[in-house]
Amino acid sequence: MRISLNPEQQAAVEHGDGPLLVLAGAGSGKTRVLTARIARLLETGVRPHRILAVTFTNKAAEVMRHRIAGLVGHEPAGLWAGTFHSVCARLLRLEADRTDRTRSFTIYDESDSERAVKRAMEEVDVDPRRWAAAALRARISDAKNTLVGPDDYAVTAFDPLSRVTAEVYPAYERTLASCNAYDFDDLLVRAVRLLEGDPLVCEKYGGRFAYILVDEYQDTNQAQYRLVRALAKVHGNLCVVGDDDQSIYGWRGADIRNILDFERDFPGTTVVRLEQNYRSTGSILEVANAIIARNRSRVEKRLRTDRPDGRRVVVSALRDERAEAVWTIRRIESLRDSYTLGDVGILYRTNSQSRAYEDALRGARLPYRVVGGIRFYERREVKDLLAYLRLVVNPADDTAFLRAVGWPRRGVGAVSLERLAAARSRAAPGTAAGGSLLAAAERADQVEGLSGAAAKALKRFAAGMESLRSLLPEASAVDVAEECLRAFGLRSALEAEEDGEDRLDIVDELIAGMVSFSGEPLEEEAATEGGGLELFLQHVSLLSDVDEYDPEEGVVSLMTLHNAKGMEFPVVFVGGVEEGLLPLGRSAETAEGVEEERRLFYVGLTRAMDRLLVTHVARRWRAGSSMPCAPSSFLEDLPEHAVERRMSGTTVGRPGRRGSSSFRSSPRATWATGAGWSGGLDATADGGDFGWRYDPSMGRIDSSAAGADTEPVYDYSESQEPFELTVGGRIVHPRFGHGTVVTLSGDGMGAKARIDFDGGGVKTLLVAHAGLRPAPG
DNA sequence: GATCGGTATTTTTTT
DNA sequence: AATACCGATC
């Protein structure tokens, strides 16, 4: 095995039996250690199927397999490597006989799950107008992540929302069971229940996995902890790798105590600390260290690097997000002598920030790829087709039935479906498969109150499904999908749509994905029916955005800070480092919240190998209005000698037009300036600076150096500049045309304008979203 | 009773 | 900016 390791890494790789905790700082080569350790186990004669490796993404598992193959010379066939969720799904599939679901279960994503919650709410008569299904779903998810079942939950539910949740929770569980479905959280919960509650299963898998390795352990939640504990009970050879400074999923139930308490939970633990960083330059590391050192609840450590200091970390102040994006793209272009586009990563806190960068990248004709955002498998057309396929595989899946039956339009509306559901629950109260909506649709002619047309359409739909299902034993997944597109007229329905061509392309992409999906070649699952369709469906349900990411593509990468975890780029831009955005909004209210945001910033900084450029802006469009933005408080902690502060010296655009409103006259709508800010934070009338006052103690403004930052020039004519709305003022609305403002009320997001349109009609519009512009002239 | 169009509401991060 | 929900129309 040829792989060079430092002494600490060596110790982790060669550690024999017993629990092992590897505290691996950013860029300290933990992936290297994990793969080397597995390779070494294999070389010492451990059979691959006795090893379980849990990674944070499917991609990471894939990469790991590949590298192990490179080290030991062959594919580690039989090795279990995957995310917690996919490992649990496999377990539940293999042991389906010991559960109340079949192996063809459906995995519900968040939106499926929310629909199911809504139906559960109806069942127990909870007012959907008073309680948001999304909030209840989130509560239930929290409960599941801490392994709190419906009964336990009810006992501790005191506040109103909890009380309602306690009512809906059990109904939701019944709904999932009758649909033969699990939600994301169930995969963990049910696997834990199986392992802890069924001695045979515990023995089987506990005995099987002689070695268990878990990556990114700092982001495990209670359920995942219990899963690991149950599996490691027999052999005790558990190796976890993580870094408490990179724990960024607290909001999703991750419990940082899992890693902090590991030694206590697993007595006899050997601890290995990896503090040598091989990724970043001295300056980058110094900045990152200074940031994270401000956190109070952490294990004290300090990463070192042997790399030279390199270039200083650039912190640049820009006017707004367009200027930020243009500046960033300029910088990328100037770096192209030394780096390729694939070397560049642009990171940000929220997905919506990608837009400005995308516009600028398109304008500069630079190829790029956004990781995340609107997920491929959450696109409407994809979900629609998948709903049909899910229903073929799992006839009990009512969520899929409702989705599929609703599109394309077939003359079956809400009322008919309600009647169908009523008939179903009378026929087979509380039972599983037999009581599915699809089964009811087959007998639609016997359903009372259903119109002839609706009954006919439902029967037709059910018959179509049946004939599709009859293909299953022989046909491949792709054949079934193609036949589905044809038989139900999905393809022609898409063609008829406005942007149907794009949507068809997407569907074809999905089909292409099916072709290349080989499933997991595990002998245990070799005998799968349906040409692997059910495996494919379960597989895609668990794919994440990052799994689609291809580092070889050679284009600029854009992604959220969360998605950037585990990645590295020679050149990293972190955008939007402003108070309210990073740290983000409400999370800044608690100390723990701020610390998690700071860790997130730290994760972003430590992705950089050679060059790190941080930007913040003075104004940003957020949720429909332009908000003044102060630099993030995190930027106060930078070691100035490792930093180069930049500020653009001159203004751009057309000075005559800009700043034409003072925001001081009355009456006015206050939305344009954002609530709560005034004076120094407002855009000033005479261009020249950014409104907020620059504190010289925060850094030097080197005007000669600033010249190197060529000022971005862009045209504001198309952008929605804030303007003053006054009673009696003339405006243009994108759809209704010209009009006169009659009254103004409310402020901030709630600001409303009553407008008398020339074309006739008086309308009250929400200013923030109406897209009003001043009438020219 | 289905469908269409307008209005209200909403944006944190994700398996 | 996009989606969900609601009321009006066909």
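Both backbone and side-chain heavy atoms feed into the values below; hydrogens, waters and symmetry mates do not. Treat the numbers as computed from the prediction; the structure is a model and nothing was measured. Below, read A as the first sequence line, B as the second, and so on, with proteins coming before strands; counting in each chain starts at 1.
- The separation between A:W407 atom CH2 and B:dT3 atom P is 14 Å, rounded to whole Å.
- Of the side-chain N and O atoms in A:K118, one or more sit less than 4.0 angstrom from OP1 or OP2 of C:dC5.
- Residue A:Q353 contributes atom CD, which lies 17 Å from atom P of B:dT11 at whole-angstrom precision.
- No contact: A:S352 has no heavy atom under 4.0 Å from any strand.
- Distance, A:I140 CD1 to B:dT15 P: 21 Å, rounded to whole Å.
- Atoms CG (A:D255) and C1' (B:dT15) sit 17 Å apart, rounded to a whole Å.
- Each of A:R410 and A:H562 was assigned the nucleotide of DNA chain B with the nearest heavy atom; the assignment lying further toward the 5' end belongs to A:R410.
- As a whole-Å value, the separation of A:H85 NE2 from B:dT14 P is 14 Å.
- Atom CG of A:D109 is separated from atom P of B:dT14 by 14 Å (rounded to the nearest Å).
- When distances are taken from the side chain of A:R355 to each of B:dT12, B:dT15, C:dA1, the shortest belongs to C:dA1.
- For the pair A:R599 CZ and B:dT12 P, the interatomic distance rounds to 20 Å; values are reported in whole Å.
- Ring centroid separation for the pair A:F488 and A:F461 comes in under the 6.0 Å cut-off.
- Atom pair A:F601:CZ and B:dT12:C1' shows a separation of 17 Å (rounding to whole Å applied).
- For B:dA2, one of the phosphate oxygens OP1 or OP2 lies less than 4.0 angstrom from a side-chain nitrogen or oxygen of A:S416.
- For A:S86, no side-chain nitrogen or oxygen approaches OP1 or OP2 of B:dT15 to under 4.0 Å.
- In the set B:dT15, C:dC5, B:dG1, B:dG1 carries the atom at the smallest distance from any side-chain atom of A:R419.
- Between the side-chain ring of A:W251 and the base of B:dT13, a stacking contact exists by the 5.5 Å and 30° definition.
- Between A:F56 and A:F84, a ring centre-to-centre spacing not shorter than 6.0 Å is recorded.
- Taking 4.0 Å as the cut-off between side-chain N and carboxylate O, A:D186 and A:R193 do not count as a salt-bridged pair.
- Annotation for A:R460: atom CZ does not count as buried by contact number, only 12 or fewer foreign heavy atoms lying within 6.0 Å.
- A:N351 comes within 4.0 angstrom of sugar-phosphate atoms only, judged by non-hydrogen atoms across all strands, and of no base.
- Taking the six-membered ring for Trp and thresholds of 30 and 60 degrees, A:F105 and A:Y182 have ring planes more than 60 degrees apart, a perpendicular arrangement.
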